[in-house]
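Only one structure is covered here, and it is reproduced in the block below.
Below, all heavy atoms of this structure are taken into account, side chains as well, without hydrogens, waters or symmetry copies.
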Amino acid sequence: MKTIKLLGIFTLAAMLFTSCYRETLVETVIIEQPIEPIPLTVNELLSSYELWYVDINATLGYGETPFLQKAFTISFLNGVLYANNNIVGIGNSGDGFGIDVANYDAYKMILDVNHDLDGFSTFDVFQINNSRIELYNPDNDTSYFLEGYQRDEFDYDFVFYDNIHYFLQEYEAWEKVYTSEFGALNAFDSENYLQFLAGGNDSTFRSSKDDIGMNPNYVFWDYIGLYGVGNITDNLYLKTLTLDYDYMGNAFFELTVINDKTIELFHPASETIYQFKGRGYIQYLKTTDGKKEQKNKIRKFKKDRIENPREKTRV
């Protein structure tokens, strides 16, 4: 009996000891602290994208900085500022950067530009988000907003077709080179040259009945009137062109761009097709021989301008 009793006592003690023991696991939780982004210097910011598209309609203030008003894109490359001022050749000129138009110096979020034609301008640079910056000119209290892109992702075609009226202005004259054999006779058949004028109201055209093959500088312009370029719903690549003629009413066309030098005009009223080729290319800022070009082409605003809330901070 004693042996059995002692065995029972040991068994009970072992059970009690086991029931009182609990293995405690302590889980270590590591809380990661957010890494503060390292601020970019102004030079790193400006060079973070190959192209900066000038969002002209986002401009705040009533002043004007001419070189930004002319440019579709600008690029900052090692102290040299490049710009696409022309629609003709955009995407190809200067490997997509455009042409050299200025020198610049950037420091302490300030950008100083010495433009070949427009002279000196200074800006405060503000980073709006990862791909958008503001250039504030304290001298005219106006802010321009730039959207950053790499060349291989930039939609040059959209910029081209969204600005067809500037494309039409980039030749001294458009010479008729083709008239379809089909189509009813109409008054526009005798118009051999068209010209779309930059500056002013940005909607003035001239036309001429002079013989084909003339130097654009010697064309006699018979008529001057107003023109308008419109969009076709759901078709980026087709536009409308309306020429306001007093003596034959409005001449309405569907406009197609064949290439950088050739446009096609379809006249629905007569079902006639015309093709015009550009003569006398105008490169804004510089001509092909490197001389400065004084043509007054600036991009126009598509909406009313508003006051700039940005306040000057420089003394």
Side-chain angles (χ1 to χ4, degrees), residues 72 86-88 90 157-282 284 295-302:
F72 296 97
N86 283 79
I87 288 297
V88 173
I90 192 168
D157 282 345
F158 174 80
V159 176
F160 183 97
Y161 283 96
D162 194 45
N163 294 279
I164 286 294
H165 58 295
Y166 294 123
F167 168 64
L168 297 176
Q169 296 171 3
E170 291 181 3
Y171 287 97
E172 295 287 357
W174 291 89
E175 180 183 31
K176 185 187 291 179
V177 294
Y178 170 79
T179 301
S180 63
E181 294 182 1
F182 54 85
L185 294 175
N186 68 92
F188 190 76
D189 287 343
S190 60
E191 301 295 335
N192 290 329
Y193 293 91
L194 295 173
Q195 183 185 62
F196 302 91
L197 301 178
N201 59 13
D202 215 32
S203 59
T204 300
F205 84 98
R206 301 197 292 186
S207 66
S208 173
K209 298 178 174 63
D210 280 358
D211 292 336
I212 298 297
M214 293 191 62
N215 184 318
N217 294 326
Y218 300 110
V219 170
F220 176 76
W221 300 104
D222 307 297
Y223 182 79
I224 184 167
L226 299 178
Y227 78 97
V229 176
N231 296 319
I232 300 289
T233 304
D234 299 326
N235 191 336
L236 172 65
Y237 303 105
L238 185 64
K239 300 291 181 178
T240 65
L241 173 66
T242 304
L243 305 178
D244 181 11
Y245 282 96
D246 290 338
Y247 59 91
M248 61 176 170
N250 285 350
F252 176 83
F253 305 91
E254 292 180 357
L255 185 156
T256 304
V257 177
I258 305 300
N259 55 46
D260 273 1
K261 293 182 179 180
T262 311
I263 59 174
E264 182 173 281
L265 301 180
F266 171 64
H267 188 234
S270 67
E271 298 188 341
T272 305
I273 293 175
Y274 307 95
Q275 288 186 3
F276 286 79
K277 190 171 289 289
R279 305 296 190 206
Y281 170 56
I282 303 168
Y284 290 100
K295 296 289 183 180
N296 185 30
K297 190 274 296 183
I298 59 172
R299 296 171 65 191
K300 299 295 191 296
F301 297 99
K302 295 181 180 179

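- Relative ring orientation between Y223 and F205 is described as tilted, the plane-to-plane angle lying within the 30° to 60° band.
- H165 is linked by a side chain to side chain donor-acceptor pair (under 3.5 Å) to nothing, counting only residues two or more places apart in sequence or in another chain.
- Side-chain polar atoms of D189 and Y274 form a donor-acceptor pair below 3.5 angstrom.
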### Step-by-step side chain to side chain contact (heavy atoms under 4.5 Å, CB included) determination, V229 to L168
CA-CA 10 Å; V229 176; L168 297 176; 4.0 Å; yes
| said: The test is side chain to side chain contact (heavy atoms under 4.5 Å, CB included); show your working for V257 and I164 and say whether it passes. | reply: CA-CA 9 Å; V257 177; I164 286 294; 3.8 Å; yes
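- Formation of a donor-acceptor pair under 3.5 Å by the N86 side chain with backbone atoms of V88 is not found in this model.
- Checking each of L194, V219, I212 against E175 for a side chain to side chain contact (heavy atoms under 4.5 Å, CB included) leaves exactly one that passes, namely I212.
- Listed by first and then second residue, the salt bridge (charged side-chain N to carboxylate O under 4.0 Å, His left out) pairs involving residues 194-203 are D202-K300 (not counting sequence neighbours).
- Taking the six-membered ring where tryptophan is involved, the planes of F188 and Y245 are perpendicular, since the angle between them exceeds 60° and thus also 30°.
- For the pair N217 and R279, the minimum side-chain heavy-atom distance is 4.5 Å or more.
- Applying the side chain to side chain contact (heavy atoms under 4.5 Å, CB included) rule to N201 yields the partners S203, T204, L226; only residues at least two apart in sequence or on another chain are considered.
- Residue pairs that meet the salt bridge (charged side-chain N to carboxylate O under 4.0 Å, His left out) test with at least one member in residues 238-252, sequence neighbours left out, do not exist here.
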Given the rule in the side chain to side chain contact (heavy atoms under 4.5 Å, CB included) test, do Q275 and I263 qualify, once you have shown the distances and angles that lead to the verdict?
-> CA-CA 6 Å; Q275 288 186 3; I263 59 174; over 6 Å; no
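- A distance of 10.0 Å separates CD1 of I273 from CG of L265, quoted to the nearest 0.5 Å.
- N192 CG to S208 OG: the interatomic distance, rounded to the nearest 0.5 Å, is 7.5 Å.
- Residue pairs that meet the salt bridge (charged side-chain N to carboxylate O under 4.0 Å, His left out) test with at least one member in residues 205-217, sequence neighbours left out, are E191-K209.
- Inter-residue side-chain proximity for T272 and T179 is flagged as met; some heavy-atom pair is nearer than 4.5 Å.
- The two residues F252 and P268 have their closest heavy-atom pair at O-CD, 3.3 Å.
- Here CD1 of I298 is found 11.5 Å from OH of Y284. Values are rounded to the nearest 0.5 Å.
- No side-chain donor-acceptor contact under 3.5 Å links T262 to the backbone of N259.
- The structure places CD of Q195 at 10.5 Å from OH of Y227, a figure rounded to the nearest 0.5 Å.
- In this structure a side-chain-to-backbone donor-acceptor pair under 3.5 Å is present from E170 to I87.
- For F167, the ring-ring contact (aromatic ring centres under 6.0 Å, His included) test picks out F160, W174, with sequence neighbours left out.
- Residue E254 holds its CD atom at 5.5 Å from CD1 of I232, rounded to the nearest 0.5 Å.
- With a 4.5 Å cut-off on side-chain heavy atoms, L255 and L238 do not count as touching.
- Classification of the Y237-Y161 ring pair by plane angle, with boundaries at 30° and 60°, yields perpendicular.
- With hydrogens and angles ignored, the 3.5 Å screen pairs a side-chain donor or acceptor of T240 with a backbone N or O of G230.
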